[in-house]
Protein chains: 2
Amino acid sequence: MQKTGQPTINDVAREAGVSKKTVSRVINRSPLLGDDTRRRVEAVIEQLGYIPNPQARALALRRNFLIGLVHDNPNAQTVMNVQQGMLEGLYGTEFEMVVRPLDRGSPRMLDDLRHFLERQRLFGVLLLPPVSENDTVAELCRDIGCRYVRMGSASLDAPEQMVASNDREAVRAATDYLIAQGHRRIGLICGPHGFRSGVERRRGFEEALAAAGIALPRSLIADGNYTFESGLVAADRLLDLVPRPTAIFSSNDEMAAGVIHAARQRGLEIPRDLSIIGFDDTPIAAHVWPPLTTVRWPIASMARSAALKLIAGYEEGEPVEEPSLFLSTLIRRGSVSTAPA
Amino acid sequence: MQKTGQPTINDVAREAGVSKKTVSRVINRSPLLGDDTRRRVEAVIEQLGYIPNPQARALALRRNFLIGLVHDNPNAQTVMNVQQGMLEGLYGTEFEMVVRPLDRGSPRMLDDLRHFLERQRLFGVLLLPPVSENDTVAELCRDIGCRYVRMGSASLDAPEQMVASNDREAVRAATDYLIAQGHRRIGLICGPHGFRSGVERRRGFEEALAAAGIALPRSLIADGNYTFESGLVAADRLLDLVPRPTAIFSSNDEMAAGVIHAARQRGLEIPRDLSIIGFDDTPIAAHVWPPLTTVRWPIASMARSAALKLIAGYEEGEPVEEPSLFLSTLIRRGSVSTAPA
DNA sequence: TTGTATGCGTTATCAA
DNA sequence: TTGATAACGCATACAA
């Protein structure tokens with residue numbers, strides 16, 4: 001035993017009467033190892049309560065047992081859900097999660113990331129949108145030799161390093177639902193420029209209208225940037241139109257909350273005078289009034305799966321095949337009604 | 001240069017014509033070092049782009065350059081704000097943040113934490129409420145030799161390892177404000193049992209009423225657990241009272257959102273029929289309708305300060321004295337009016 | 001003020 | 001199948 005109180009591989013080796021290397025083989029489940037030797041060493045490990053030192057392993061392997069969460073996502077709830085999912089996937093393993101926000105727009109963003117990955121020698125990183133949509137970043141990871149999985153609203157990479165949601169189809173289905181309720185003048189509030197999710201959701205919306213043969217004048221499309229305030233502003237513009245849209249699809253819940261706000265300010269009752277559908281299904285969706293009909297985006301599951309992909313092959317048990325495509329589903333609550341006659 | 005491409009301390013030593021140890025002294029800013037030697041080594045470091053390997057340092061120092069965020073806090077927004085604040089404090093240093101949620105209530109919670117701290121040999125941890133209120137946990141950190149700072153609603157430890165907010169005074173002030181608006185029948189929705197914040201906020205409320213000579217029947221106090229749903233339930237009970245309270249103080253915003261919900265469901269208009277004050281000033285407060293008057297809890301600043309305390313003495317520059325007490329302030333928005341005559 | 005030898009706890013190499 | 005020995009990159013004790 002050392003003075004630190006933690007038993008080391010040497011203690012185990014001495015106690016078991018074998019060499020360090022043999023203990024190391026047991027730890028790393030080397031196939032070429034006598035069964036009785038293995039059992040003997042395992043018994044000593046158990047008895048001593050020995051745990052391999054991650055720092056020493058990191059030094060020897062030139063690789064840390066840390067999984068990074070790299071993001072420049074502005075939405076707190078999204079990031080939290082992702083963290084929860086990741087930690088779920090990492091639970092019970094030797095991996096820990098380190099969080100690294102990035103400053104999108106900073107010219108040094110890429111250098112910062114390279115620095116981070118190289119210095120910490122991360123085992124792998126989960127890339128969150130929108131930075132996950134940046135091919136240069138993925139390339140950087142490959143260069144450095146850092147595993148990565150990208151999360152996004154469309155398939156941008158090989159299945160091993162991608163978890164994607166079907167935003168386009170989901171929004172198309174949501175819009176179909178509005179159309180089925182009799183709505184014909186439907187406004188759209190877009191996501192920010194440079195977000196693939198924004199593009200996909202918009203396309204889904206447009207496809208649904210086109211398929212139903214409904215014209216979509218440019219005036220019914222409003223810009224947004226996923227914030228409450230931008231939803232408020234966009235809704236104000238849309239609700240000023242004559243005739244007014246009878247329904248609005250907002251590319252996320254936060255903006256949808258802004259729409260509700262704007263509608264109420266001008267005395268409109270939801271859903272009687274205006275139907276609204278959001279996207280994400282964050283807690284805010286259930287807590288506004290009326291509760292928001294929205295598309296549930298399964299980011300926690302996606303993040304969990306991404307974490308499992310990142311550590312695939314380094315943990316015991318069968319390497320379960322993790323899916324790469326996750327389906328978003330419509331959650332019907334109280335913010336949609338049939339169109340006024 | 002090694003095959004990894006990263007220059008090591010040996011490369012620097014060779015290039016500068018000094019020993020490794022001298023380079024090491026430069027890195028660690030040892031005082032006993034010739035000025036010209038230092039400059040020469042620094043020049044080589046700069047030229048080679050040398051960065052000390054954190055894994056090797058961790059092994060040699062038996063201490064990692066990781067700051068842990070240990071929490072069992074159920075509120076996503078709170079955790080996010082804390083993370084943001086921590087990262088702000090850590091920005092530009094060699095420290096990284098690793099996040100570690102704890103399962104409160106699990107009997108193995110303490111063992112899990114000990115395992116985590118010992119294995120990873122964290123440099124320090126920030127303890128979030130409610131786990132930060134657990135003295136056994138703080139003791140564990142001391143035993144292991146892991147720095148810690150506790151965050152909480154009251155001073156529970158020495159200033160070096162504490163960042164506290166003045167919840168009691170803040171709630172007292174908020175309640176005073178309601179009283180000044182003419183309210184006399186004021187309901188209270190408490191925080192969950194076992195949360196010091198709940199206790200402090202309740203005391204602040206009670207003190208304000210007592211100071212104003214207003215009776216506080218037990219029926220006006222409702223239990224809650226900081227969730228929207230619990231706020232809904234509590235509000236339903238309070239609003240059933242005859243006569244009805246004209247104002248409600250909710251121990252956090254999330255529950256206050258539930259109160260608004262409940263009030264609207266029974267046709268009450270806010271603030272005309274019911275005034276509400278929350279606590280936290282999370283985004284939800286500004287986004288409900290009407291915008292919620294609430295107490296701003298400066299957790300991001302607290303977390304930033306905590307991070308700086310944790311790494312105090314290990315970074316260049318003067319060790320700035322960080323405060324230990326943070327003031328919460330009342331944010332007046334639209335959910336309070338004068339009491340009905 | 002600077003250098004040498006050694007330790008930190010693990011894995012990799014290569015021989016037995 | 002196992003073991004001796006050398007990395008891994010940096011820090012500390014002790015000399016010089």
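Each chain gets a letter, A, B and so on, in the order its sequence line appears, and its residues count up from 1. This one's a predicted model, so the numbers in the text were calculated from it and none came from an experiment.
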Under 3.5 Å, is there a donor-acceptor pair between the side chain of A:Lys309 and the main chain of A:Gln161?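 Flag not set: sc A:Lys309 to bb A:Gln161 has no pair under 3.5 Å.
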Can you check whether A:Val79's main-chain N or O pairs, donor with acceptor, with A:Asn73's side chain at less than 3.5 Å? no
Nearest-Å distance for atom pair [atom1]/[atom2], residues [X] and [N]:
{"X": "A:Leu48", "N": "C:dG9", "atom1": "CG", "atom2": "P", "result": "14 Å"}
{"X": "A:Arg39", "N": "D:dT1", "atom1": "CZ", "atom2": "P", "result": "14 Å"}
{"X": "A:Leu59", "N": "D:dA6", "atom1": "CG", "atom2": "P", "result": "17 Å"}
{"X": "B:Asp35", "N": "C:dT2", "atom1": "CG", "atom2": "C1'", "result": "15 Å"}
{"X": "B:Arg119", "N": "C:dC8", "atom1": "CZ", "atom2": "C1'", "result": "18 Å"}
{"X": "B:Asp36", "N": "C:dT1", "atom1": "CG", "atom2": "P", "result": "11 Å"}
{"X": "A:Asn10", "N": "D:dT5", "atom1": "CG", "atom2": "C1'", "result": "13 Å"}
{"X": "A:Arg40", "N": "D:dT2", "atom1": "CZ", "atom2": "P", "result": "8 Å"}

Under 4.0 angstrom between [X] side-chain N/O and [N] OP1 or OP2:
{"X": "A:Thr22", "N": "D:dG3", "value": "yes"}
{"X": "B:Thr37", "N": "C:dT1", "value": "no"}
{"X": "B:Thr8", "N": "D:dG9", "value": "no"}

Whether B:Phe65 and B:Phe95 hold their rings parallel, tilted or perpendicular, with breakpoints at 30° and 60°: tilted
Looking at every non-hydrogen atom in both residues, tell me the closest pair between B:Ile299 and B:Asn81 and how far apart they are.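 That closest heavy-atom pairing would be CD1-CB, 3.6 Å.
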Could you run down nucleotides 11-16 of chain C 5' to 3' and tag each one B, S or - for protein heavy-atom contact under 4.0 Å? BB----
Give every residue pair that meets the side-chain hydrogen bond (donor to acceptor under 3.5 Å, both in side chains) criterion with at least one member in residues 129-144 of chain B, sequence neighbours excluded. B:Asn134-B:Thr136, B:Asp135-B:Arg150, B:Arg142-B:Tyr148
Quick one: CG on B:Asn64 to CG on A:Asn64, what's the gap to the nearest 0.5 Å?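 Output value for this atom pair is 7.0 Å.
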Could you list the donor-acceptor pairs under 3.5 angstrom formed between side-chain atoms of residues 54-61 of chain B and any protein atom two or more places apart in sequence or on another chain?
residue, atom, partner, partner atom, Å
B:Gln55, NE2, A:Gln120, O, 3.1
B:Arg57, NH1, B:Asn28, OD1, 3.1
B:Arg57, NH2, B:Glu94, OE1, 2.9
B:Arg57, NH2, B:Glu94, OE2, 3.1

